[in-house]
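Below, read A as the first sequence line, B as the second, and so on, with proteins coming before strands; counting in each chain starts at 1.
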Protein chains: 2
Amino acid sequence: MQISSRFTIALHIFTCVDVFKDQRKVTSDFLAGSINTNPVIIRKILTQLKNAGLITVARGTGGISLTKELSDITFYDVYEAIEPVENGDLFHFHESPNPECPVGRNIHALLDDRLKAIQRAMEDEMKRYTLLDLRSGIADLLAKETE
Amino acid sequence: MQISSRFTIALHIFTCVDVFKDQRKVTSDFLAGSINTNPVIIRKILTQLKNAGLITVARGTGGISLTKELSDITFYDVYEAIEPVENGDLFHFHESPNPECPVGRNIHALLDDRLKAIQRAMEDEMKRYTLLDLRSGIADLLAKETE
DNA sequence: TTTGTTGTAACCATTGACATTATAACATGA
DNA sequence: TCATGTTATAATGTCAATGGTTACAACAAA
């Protein structure tokens, strides 16, 4: 199991928007070129980010704008916008365990809290990183390239 | 994206083995009945747990034994045995970003450490729970049933 | 040698990820 | 208004993973 590439693609998009926003129009075609995928893939992800209220996208003219400060958008916000997790549960149970078995009828009560804690540990760590970290991070990497 | 039900099935199996080990022979058929799935699904998971060195399975006669103490098997051990995570990376990148784009050629350097930290947060929390916790947990729940 | 069990191969159905093409909707500048 | 560039979305396709099922070989013990 892996978290889909859509999540890292979304972070890639945000980084490109920030890096190139003053140099050129950042279109889905341009982004597709940087990420090496199809523009439609990009647009679907943009739609998800738009539905989550993180960005606005200009239709005819093209161009992406953030609705919040970089420091107000965490990795978790992006993850939540992108990953369609059923009921918000990271862990999946097999349907309908046997209610006549003492273990079967108690398996959810037994595991739910512990699994939630594990999920929360991941999500809390995601909340520690913001898009502002990406701005400074990519600036450092680009500066290092020209040394 | 969700972590497959094989993981919670494996925890279910361990719980059943512990609860029923003195009362009856715990076979893949019995386990399939408690979990409400097919015995072959159970056997495949048992094979993974066996390959990870967590259990031994008696072939002709049936029966499952742990190779370690309950307190020495963490949720992470089970997760690692069950989930085939490519390269051990939880997060998936799109293949071959454009090396001619300053962002494309730096995206891994930009994200890798942060994503690893998120993954580690989840795995560290998984290491905090052992099968011994499940023994006491299920005992409490069963005691509560008879009140 | 019979019986009960595990190990595994060979399928099948369903779903999700990712890709691709085509076309409609829309905004802007000429 | 119209041409142009762009986004939005539907329709399709491919591929891999999940979960299920049947069948049968391998094996251990009574």
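- Residue contacts shown for B/Val40 include a base, since a base heavy atom lies under 4.0 Å away.
- Between B/Gly60 and B/Glu83, the residue anchored nearer the 5' end of DNA chain D, judged by the nucleotide with its closest heavy atom, is B/Glu83.
- Between the CD1 atom of A/Ile42 and the P atom of D/dT7 there is a distance of 11 Å, rounded to whole Å.
- Aromatic ring pairs are classed by plane angle as parallel below 30°, tilted from 30° to 60° and perpendicular above 60°; the pair B/Phe91 and A/Phe7 is tilted.
- Follow the hydrophobic side-chain contacts under 4.5 Å out from A/Val40 and you never reach A/Ile35; the two are in separate clusters.
- A/Asp18 places no side-chain N or O within 3.5 Å of a backbone atom of A/Thr15 that could act as its donor or acceptor partner.
- A close approach under 4.0 Å does not occur between any side-chain nitrogen or oxygen of A/Arg59 and OP1 or OP2 of D/dA8.
- With a 4.5 Å cut-off on side-chain heavy atoms, B/Ile42 and B/Ile9 count as touching.
- Going from atom CD of A/Glu95 over to atom P of D/dT18 covers 15 Å, rounded to whole Å.
- Across the protein-nucleic acid pair, B/Lys44 atom NZ and D/dA23 atom P stand 16 Å apart, rounded to whole Å.
- Between the P atom of D/dG20 and the CD1 atom of B/Ile35 lies a distance of 10 Å, rounded to the nearest Å.
- Taking atom CG of residue A/Asn38 and atom C1' of nucleotide D/dT7, one finds them 14 Å apart after rounding to whole Å.
- Between A/Asp29 atom CG and D/dT6 atom C1' the separation is 9 Å, expressed in whole Å.
- The side chain of A/Arg43 contributes no N or O atom lying less than 4.0 Å from OP1 or OP2 of D/dT9.
- By the 6.0 Å and 45° rule, B/Arg24 stacks over the aromatic ring of B/Phe30.
- The nearest whole Å value for the distance from the CD1 atom in B/Ile9 to the P atom in D/dG20 is 7 Å.
- For B/Glu125 and B/Arg128, the salt-bridge test passes: some basic side-chain N is under 4.0 Å from an acidic carboxylate O.
- Rounded to a whole Å, the NZ atom of A/Lys50 is 11 Å from the P atom of D/dT7.
- Taking the 5' to 3' direction, DNA chain C first and last meets chain B under 4.0 angstrom from a heavy atom at C/dG4 to C/dA19.
- Between A/Tyr79 and A/Leu90, the shortest heavy-atom contact is OH-CD1, 4.1 Å.
- Summary of the strand contacts: A/Thr61 and A/Ser5 both lie near DNA chain C, and taking for each the nucleotide with the nearest heavy atom, the more 5' one is attributed to A/Ser5.
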